[in-house]
Novice: 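One structure, as structure tokens, below. Some questions next.
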Protein chains: 2
Amino acid sequence: MRAAERTADGENAPWGEVTPEAARKLLVAAVEAFAERGYHATTTRDIAGRAGMSPAALYIHYKTKEELLHRISRIGHDRALALLTAAADGEGTAAQRLAEAVHSFVRWHAEGHTTARVVQYELDALGPEHRAEIVELRRRSTAAVRRILVDGVRDGEFDVPDVPGTTLAVLSLCIDVARWFNAAGARTPDEVGELYADLVLRMVATQK
Amino acid sequence: MRAAERTADGENAPWGEVTPEAARKLLVAAVEAFAERGYHATTTRDIAGRAGMSPAALYIHYKTKEELLHRISRIGHDRALALLTAAADGEGTAAQRLAEAVHSFVRWHAEGHTTARVVQYELDALGPEHRAEIVELRRRSTAAVRRILVDGVRDGEFDVPDVPGTTLAVLSLCIDVARWFNAAGARTPDEVGELYADLVLRMVATQK
DNA sequence: CCCGAGGGTGAGCAAGCGCTTAGATCCGCT
DNA sequence: AGCGGATCTAAGCGCTTGCTCACCCTCGGG
């Protein structure tokens with residue numbers, strides 16, 4: 001039912017790197033629970049129950065509930081950063097790279113909207129050191145998008161009066177997909193990605 | 001320090017309608033606490049403490065913690081809907097009305113980003129009946145924005161291939177301001193509103 | 001055949017939770 | 001002055017929380 005189970009693509013199977021299997025099952029259960037009810041409203045008993053284990057089993061694989069959230073957040077941010085830097089440092093015109101960045105970033109937020117919701121909205125529940133680590137990853141994501149805009153302006157492809165502000169707006173638009181996207185809705189993740197790439201290109205296009 | 005205290009404008013003083021004063025102080029304390037830590041991570045003792053009262057005082061003015069959230073959410077959504085319908089049903093071209101809608105909606109999210117954060121991100125913490133009531137208000141907000149887009153397309157002012165999708169994107173862009181806006185940041189709420197109005201007009205402009 | 005180590009459990013602890021209750025205090029009214 | 005309702009508090013009830021601990025399996029190597 002989840003995105004990872006619909007594709008055989010290893011790149012899109014997010015939790016393959018988590019071992020052993022019991023630890024992965026617990027993590028997947030935690031993602032579902034955190035996304036549905038929020039980190040603070042989720043109990044360790046709920047997570048363990050979804051994974052078909054006793055509450056105590058959680059503490060064999062994770063030191064605390066917060067460590068579980070951190071693992072989820074870290075993996076998600078790594079993936080998001082990888083998508084954006086791949087697009088930013090890829091080939092093609094700035095417009096092509098921007099479209100690719102938005103398309104893949106949005107598709108990821110839509111396909112894995114449960115995961116993305118945890119990744120994007122539960123940042124404040126992390127402890128100070130863990131949060132600082134994640135904030136640094138987000139800084140690099142922002143830098144990747146800004147790089148594309150700067151290139152486009154330099155090459156005369158884009159007309160962007162306020163590059164930092166527009167960078168923020170583009171990322172913000174994509175991130176909010178995780179809040180409203182519903183898998184049962186009318187649009188596929190790919191369709192949303194396409195629409196959003198078009199909208200963003202319009203935002204930066206030279207006015208004629 | 002909050003927006004309401006910076007302006008004498010009654011329209012922008014959000015909690016004037018809440019009486020008696022103790023009930024208002026509790027509600028303002030709840031807004032701050034919910035915005036900082038989230039609804040579920042906020043304790044009734046924390047709310048009462050911020051208001052300088054004992055935990056039991058809360059239950060003289062509100063039946064439950066959830067009722068407090070509902071009151072906040074209701075007032076916030078009423079205000080948001082008022083801003084959008086005023087712009088949608090105002091005078092001027094579709095472009096002017098869309099710019100006004102985005103400008104005022106974004107400014108509200110930035111000025112009252114604590115309030116807006118509660119209003120936009122704590123919906124799931126409401127009980128079923130309260131949530132249904134709020135969802136209806138949100139439906140009407142969406143309809144107001146769509147109305148402007150439809151008018152603009154009809155009059156040849158806008159080129160919008162996907163009106164429902166673009167409506168969603170415009171609202172989404174504005175709402176996410178509540179997540180990232182920081183009062184200590186470089187931009188004033190008004191500057192963000194201006195930038196966003198420009199970006200949205202670009203998204204719907206006829207391509208020449 | 002026994003061993004030891006790692007994955008798992010049932011029971012439960014200390015702390016904190018939302019909320020209630022009995023009673024003190026305040027204040028406008030007759 | 002004395003009453004009645006509204007407001008507020010100290011204390012605490014019953015329950016749930018994150019997490020721990022003593023113990024039990026299972027299983028590969030001597």
Side-chain angles (χ1 to χ4, degrees), chain A residues 15-73 118 122-131, chain B residues 15-73 118 122-131:
Chain A
W15 313 122
E17 65 202 87
V18 181
T19 55
E21 198 200 324
R24 180 170 54 247
K25 268 171 46 181
L26 284 163
L27 190 135
V28 168
V31 168
E32 284 174 14
F34 291 165
E36 266 178 40
R37 316 155 76 90
Y39 174 80
H40 289 295
T42 299
T43 69
T44 54
R45 285 164 178 82
D46 183 19
I47 297 170
R50 285 174 193 247
M53 310 176 86
S54 84
L58 203 151
Y59 294 90
I60 295 164
H61 300 284
Y62 303 94
K63 223 163 30 188
T64 63
K65 181 177 142 188
E66 192 265 354
E67 188 191 312
L68 243 178
L69 176 63
H70 173 246
R71 288 281 284 272
I72 294 165
S73 195
V118 179
E122 301 290 351
L123 228 98
D124 291 342
L126 291 169
E129 319 80 17
H130 284 162
R131 179 159 59 244
Chain B
W15 314 121
E17 66 202 85
V18 181
T19 54
E21 197 201 326
R24 181 170 53 246
K25 268 171 48 181
L26 284 164
L27 190 134
V28 168
V31 169
E32 284 176 12
F34 290 164
E36 267 178 38
R37 316 155 77 90
Y39 174 80
H40 289 294
T42 299
T43 69
T44 54
R45 287 165 176 82
D46 183 19
I47 297 169
R50 284 174 194 248
M53 309 177 85
S54 85
L58 202 152
Y59 294 90
I60 294 163
H61 300 282
Y62 304 95
K63 221 161 34 187
T64 63
K65 181 177 141 186
E66 192 265 355
E67 188 192 311
L68 242 179
L69 175 63
H70 169 66
R71 287 283 284 272
I72 294 165
S73 195
V118 179
E122 301 291 350
L123 228 97
D124 291 343
L126 290 169
E129 319 81 18
H130 284 161
R131 179 159 60 242

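We use all heavy atoms of the structure for the numbers below, so side chains are in, but hydrogens, waters and symmetry mates are not.
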Novice: Could you state the atom-to-atom distance from OH of B:Tyr59 to P of C:dT21 in whole Å?
Specialist: 13 Å

Novice: Using heavy-atom distances to pick each residue's nearest nucleotide on DNA chain D, tell me which of A:Thr43 and A:Lys63 is more 5'.
Specialist: A:Thr43

Novice: Indicate the atoms forming the closest heavy-atom contact of A:Arg131 with A:Asp124, along with that distance.
Specialist: NH1-O, 3.3 Å

Novice: Take atom OH of A:Tyr39 and atom C1' of D:dT17, then tell me their distance rounded to the nearest Å.
Specialist: 12 Å

Novice: Look at B:His61 and D:dA6 and indicate whether a side-chain polar atom (N or O) is within less than 4.0 Å of OP1 or OP2.
Specialist: no

Novice: What is the distance, rounded to the nearest whole Å, between atom CD of A:Glu67 and atom C1' of D:dC19?
Specialist: 14 Å

Novice: If you look at every heavy atom in A:Glu67 and A:Tyr62, which pair is closest and at what distance?
Specialist: OE2-CD2, 3.8 Å

Novice: Can you check the A:Leu58 CG to C:dG10 P distance for me, whole Å?
Specialist: 15 Å

Novice: Closest heavy-atom contact between A:Tyr39 and A:Lys65?
Specialist: O-NZ, 3.2 Å

Novice: Rounded to whole angstroms, how far apart are CZ on B:Arg24 and P on D:dT7?
Specialist: 14 Å

Novice: Report, as a single string ordered 5' to 3', how protein heavy atoms within less than 4.0 Å touch nucleotides 9-14 of chain D: B base, S sugar-phosphate only, - not at all.
Specialist: BB-B--

Novice: For B:Glu36, which residues count as a salt bridge (Lys or Arg N to Asp or Glu O under 4.0 Å) partner, sequence neighbours excluded?
Specialist: B:Arg50

Novice: Taking atom C1' of C:dG16 as reference, at what distance in whole Å does atom NZ of A:Lys65 sit?
Specialist: 13 Å

Novice: Take atom NZ of A:Lys25 and atom P of C:dG7, then tell me their distance rounded to the nearest Å.
Specialist: 14 Å

Novice: B:Glu66 has an atom CD; how far is it from atom C1' of C:dC19, in whole Å?
Specialist: 15 Å

Novice: Compare all side-chain heavy atoms of B:Asp46 with those of B:Arg37 and state whether any distance is below 4.5 angstrom.
Specialist: yes

Novice: What are the two closest non-hydrogen atoms of A:Val118 and A:Val31, and how far apart are they?
Specialist: CG2-O, 3.7 Å

